[in-house]
There are 2 protein chains.
Amino acid sequence: MAGTRRRGVGRGRPTLEEVAARAGVGRGTVSRVINGSPRVSDRTRTAVEQAVAELGYVPNRVARALAANRADAVALVIPEPETRLFAEPYFSDVICGVGAELADTDLQLLLTLIRTPKERQRFAEYLSAHRVDGVLLVSVHADDPLPDLLERIEMPAVLSGRRSAHESVPYVDSDNAGGAQSAVEHLLGRGRTTVATITGPLDMYVAQCRLDGYRAAIRAAGQEVDPDLIAPADFTEEGGRRAMRELLRRRPHVDAVFAASDVMAAGARQVLREEGRRVPDDVALVGFDNSAVARHMDPPLTSVRQNTEEMGRAMVRVLLEEIETQGDRTSKRPQLVLPTELVRRGSS
Amino acid sequence: MAGTRRRGVGRGRPTLEEVAARAGVGRGTVSRVINGSPRVSDRTRTAVEQAVAELGYVPNRVARALAANRADAVALVIPEPETRLFAEPYFSDVICGVGAELADTDLQLLLTLIRTPKERQRFAEYLSAHRVDGVLLVSVHADDPLPDLLERIEMPAVLSGRRSAHESVPYVDSDNAGGAQSAVEHLLGRGRTTVATITGPLDMYVAQCRLDGYRAAIRAAGQEVDPDLIAPADFTEEGGRRAMRELLRRRPHVDAVFAASDVMAAGARQVLREEGRRVPDDVALVGFDNSAVARHMDPPLTSVRQNTEEMGRAMVRVLLEEIETQGDRTSKRPQLVLPTELVRRGSS
DNA sequence: CATCAACCTGGGAGCGCTCCCACACTACCT
DNA sequence: AGGTAGTGTGGGAGCGCTCCCAGGTTGATG
């Protein structure tokens with residue numbers, strides 16, 4: 001919280017004014033050149049560019065931000081109530097995509113981890129205090145107050161994933177239902193007849209979507225959806241174990257399981273081994289996320305891949321558009337759904 | 001690269017001046033109260049605090065940064081020449097620690113991914129352009145020009161991990177040698193007689209340290225170090241496979257392997273399975289990093305745990321100290337080594 | 001040759017803060 | 001009473017930029 005003295009590097013760097021003096025022009029003109037305004041004659045532009053090069057001038061972005069009332073930065077917000085969520089490869093991939101897309105911009109990436117209500121409060125103050133031009137929200141829960149807060153203060157924002165079927169805030173999401181459906185179709189296509197599913201927490205929309213995809217595939221194959229083949233869990237390994245035990249109890253002849261996450265699939269696999277069921281011979285297994293866990297299971301796990309990095313990139317593109325059209329109440333809120341892909345491995 | 005117009009939220013928020021007017025004091029006084037200066041009478045302070053509360057005043061940090069010539073931000077730099085390196089849980093843990101430690105500060109965290117020399121160039125300009133007060137460098141290679149660049153422009157910086165035994169820049173590192181030693185001692189202690197090691201790329205200091213730890217444990221047990229039991233690899237799964245095959249060829253009676261990373265251990269494990277060697281019955285296996293991979297292997301992998309999150313926290317503390325004592329040429333460069341811990345699982 | 005739009009250009013004003021100097025005011029000593 | 005600290009306080013001067021207006025130049029047009 002301190003207000004300790006910290007003197008930065010760079011005192012003594014050339015300023016706009018010095019460049020202007022050297023080029024024999026006014027401040028305004030240099031500013032126009034720097035910002036690529038077309039209203040500058042070629043001769044002047046060349047002269048300024050040379051002065052910039054000679055002096056090694058780099059604009060002071062803090063001054064620019066103050067004068068122009070913008071931040072040249074976007075925040076990536078990661079709510080992290082449960083531990084380790086951030087360790088999911090999902091996040092790092094999104095971050096990679098975001099970073100890659102941002103590299104072509106002169107925007108900076110601010111990383112904000114929000115663990116407590118107090119930290120959320122702090123973050124809200126940052127927003128008011130003008131620190132960012134827009135916000136990327138990763139994996140918000142349905143009851144997170146942040147999206148609505150952002151909407152209220154008219155801060156451009158993009159979600160990764162929807163909170164519900166009628167999400168009002170711009171978002172980029174994976175085709176969860178489609179991915180789940182193709183996974184289950186794959187199992188049915190390989191001759192499995194009793195395909196169960198282990199779901200995520202059903203108050204999360206993403207879990208609902210994957211379950212919907214499961215149902216759609218079952219029905220498309222002309223089967224009835226058997227509620228006893230649907231075991232809800234919570235995206236954790238332990239949850240996967242419990243759900244698998246439950247499934248074996250209720251439907252001992254189950255011959256395939258679609259788990260809505262790789263981690264739950266890993267839990268299920270352990271139970272199957274304990275119970276002496278071979279994978280894939282007795283029970284075929286498919287996960288979701290195509291995480292590192294999937295590759296390292298024995299046998300390697302078939303899984304639905306989301307193009308997570310592309311999600312990050314798309315989020316940035318959508319956010320930039322939002323920032324651009326800000327205040328323009330007529331513009332539509334962009335909402336994107338990215339395709340998924342089934343990665344086949346030994347488990348199915 | 002655009003200079004497109006972006007108008008931020010917050011125009012119309014109260015300023016210092018307005019708070020001063022409301023409290024019936026001067027600007028300077030409000031500034032002193034905000035920054036916790038002791039040179040303010042209690043009465044005045046109370047009046048100002050009340051005005052701040054009534055107006056909902058939040059300091060504009062951009063203006064503050066410009067006036068005070070500091071950034072109130074630190075950059076976390078992640079060089080990422082090879083893909084996926086960032087997906088290692090290592091990074092996310094460090095980031096968590098950094099975020100946690102930074103939460104008590106009014107510093108912001110800037111995330112910078114550097115993939116190409118061009119991006120490094122860009123980053124160097126950022127630094128000159130006054131965007132950050134200090135830099136956290138994660139997993140730099142020995143030949144990375146960044147640390148020296150930072151040193152030259154006197155930008156406070158902290159490394160995670162050393163580049164060599166005589167690192168000049170402040171750093172926070174894990175006790176790699178100690179961790180490796182305890183892993184090998186553990187294997188010897190369980191009666192194994194022929195303990196091999198799969199190393200990382202030996203031009204990386206961290207790989208050297210882990211190898212040194214292996215050698216120390218072997219010698220401490222009164223054995224000679226057999227060069228044929230040392231197989232260099234590159235921290236990849238494929239490298240782990242190759243190294244394991246090589247070891248089996250050279251020393252078929254090997255009964256334990258210490259791999260300098262979990263991922264390499266996973267590769268080794270596959271080869272052992274192919275060759276019909278049971279783990280741990282025929283060959284005991286220990287990894288390093290205690291990553292998710294370790295938990296999901298079959299049997300679960302014994303591994304050396306680094307307190308990665310604490311590394312992140314420590315890095316921030318060291319950096320703050322560096323920023324504080326900046327320019328003070330007499331102050332010592334803080335260098336920290338954090339202990340590791342062996343996590344025992346079924347593979348040994 | 002006058003007129004006017006279109007185009008460039010310089011530089012004042014100002015973004016919201018910190019820094020610091022100067023000035024009051026008190027308290028305490030000669 | 002005169003000095004000498006020490007303590008609070010106000011406000012001018014800037015930080016380095018962008019914004020924008022006025023003014024100058026140019027070239028096409030009547």
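Letters go in sequence order (proteins before strands), and every chain restarts at 1.
The shortest heavy-atom contact between A:Ser168 and A:Glu151 is OG-OE1, 3.7 Å.
Taking only distance into account, the side chain of B:Arg13 never meets the base of C:dG16 through a donor-acceptor pair shorter than 3.5 Å. The base of C:dG12 sits with one of its N or O atoms less than 3.5 Å from a complementary donor or acceptor on the side chain of A:Arg27. With hydrogens and angles ignored, a donor-acceptor pair closer than 3.5 Å exists between the side chain of A:Arg32 and the base of C:dG10.
At least one side-chain nitrogen or oxygen of A:Ser31 sits closer than 4.0 Å to the OP1 or OP2 atom of D:dT18. Here A:Asn35 reaches the OP1 or OP2 of D:dT18: one of its side-chain N or O atoms lies under 4.0 Å away. For the OP1/OP2 pair of D:dG8 and a distance below 4.0 Å, the side-chain nitrogens and oxygens of B:Ser41 include no atom meeting the criterion. Close to C:dT9, at under 4.0 Å from its OP1 or OP2, lies no side-chain N or O of A:Thr29.
With the nearest nucleotide of DNA chain D identified for both B:Ala63 and B:Arg39, B:Arg39 has the one nearer the 5' end.
For the side chain to side chain contact (heavy atoms under 4.5 Å, CB included) test with A:Leu107, the passing option among A:Val74, A:Val316, A:Leu319 is A:Val74; the others fail.
A straight line from CG of A:Leu66 to P of C:dA13 spans 18 Å, rounded to a whole angstrom. We find that CZ of B:Arg43 is positioned 15 Å from C1' of D:dT7, with the value rounded to whole Å. Whole-Å rounding puts the B:Asn60 CG to C:dG16 P distance at 7 Å. A straight line from CG of A:Asn69 to C1' of D:dG16 spans 16 Å, rounded to a whole angstrom. Atom CD of A:Glu17 is separated from atom P of C:dG10 by 12 Å (rounded to the nearest Å). Atom CD in B:Glu18 sits about 10 Å away from atom P in C:dC15, given to the nearest Å. Here the C1' atom of nucleotide D:dT7 and the CZ atom of B:Arg45 are 13 Å apart, to the nearest Å. In this structure, A:Leu16 places its CG atom 13 Å from C1' of C:dG10, rounding to the nearest Å.
Taking CD of A:Glu119 as the reference point, atom OG1 of A:Thr112 lies at 10.0 Å (rounded to 0.5 Å). Considering OH of B:Tyr171 and CG of B:Leu137, their distance stands at 15.5 Å, rounded to 0.5 Å.
Taking only side-chain atoms of B:Thr15, from C-beta outward, the nucleotide of C:dT18, C:dC17, D:dC17 with the closest atom is C:dC17. Of the candidates C:dT18, D:dT9, D:dG16, D:dT9 carries the atom nearest the B:Thr44 side chain, counting heavy atoms from C-beta on.
Within 6.0 Å of the CG atom in B:Asp148, the count of heavy atoms belonging to other residues, nucleotides or ligands exceeds 12.
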